[in-house]
Amino acid sequence: MSYQVPANSPYVPCPRCQGLNVTPVKFTWWGGAVGPRILKLVKCQQCGLSYKGKTGQSPTRDIVIYTVVIFAIVFALSLLATI
Ligand SMILES: [Zn+2]
């Protein structure tokens, strides 16, 4: 199965229901307003699935990487602040 980007949409169809009615995710609990934009996260309006709009892949792995990186940055800054 391949995910071809339709000419009228910048995103691939929903990998679960093949729906084309997807909208960009504006805000998430793990990434605020920035995280979903970096991952180009979209949400299917038909079945509610969130996925990466360019590839149709699950964002789970990227969310983990993103939160680890953010945590590391915050941790490093808090260390610097105590010096
Ligand atoms: Zn769907």
Joint cluster assignment, Ile70 & Trp29, ILVMFWY side-chain distance < 4.5 Å = yes
Mind checking whether Val34 and Tyr66 have side chains closer than 4.5 Å, heavy atoms only?
-> yes
Does Tyr51 use its side chain to pair, donor to acceptor, with the backbone of Cys44 at less than 3.5 Å?
-> no
Kindly give the cluster partners of Val64, where membership spreads through any ILVMFWY side chain lying under 4.5 Å from a current member.
-> Val68
Work out which heavy atom in Pro15 is nearest to a heavy atom in Leu49; give both atom names and the distance.
-> CG-CD2, 3.9 Å
How far does CH2 of Trp30 sit from OG1 of Thr67, to the nearest 0.5 angstrom?
-> 8.5 Å
Any side-chain heavy atom of Gln45 within less than 4.5 Å of one from Thr23?
-> yes
For Val42 and Pro24, the nearest pair of non-hydrogen atoms, with its separation, is CG1-CA, 4.0 Å
Validation row: Leu41, Thr28 side chains within 4.5 angstrom (heavy atoms) | yes
Does Val25 belong to the same Ile/Leu/Val/Met/Phe/Trp/Tyr cluster as Ile38, with side-chain heavy atoms less than 4.5 Å apart forming each link?
-> yes
Pairwise distance CZ(Arg37) to CG(Leu39) - rounded to 0.5 angstrom | 12.5 Å
Which atom pair, heavy atoms only, marks the closest approach of Pro13 to Gln18?
-> CB-O, 3.8 Å
Interatomic spacing from CG in Asn21 to SG in Cys47 - rounded to 0.5 Å | 10.5 Å
Which residue pairs pass the salt bridge (Lys or Arg N to Asp or Glu O under 4.0 Å) test with at least one member in residues 55-72, sequence neighbours excluded?
-> Lys52-Asp62
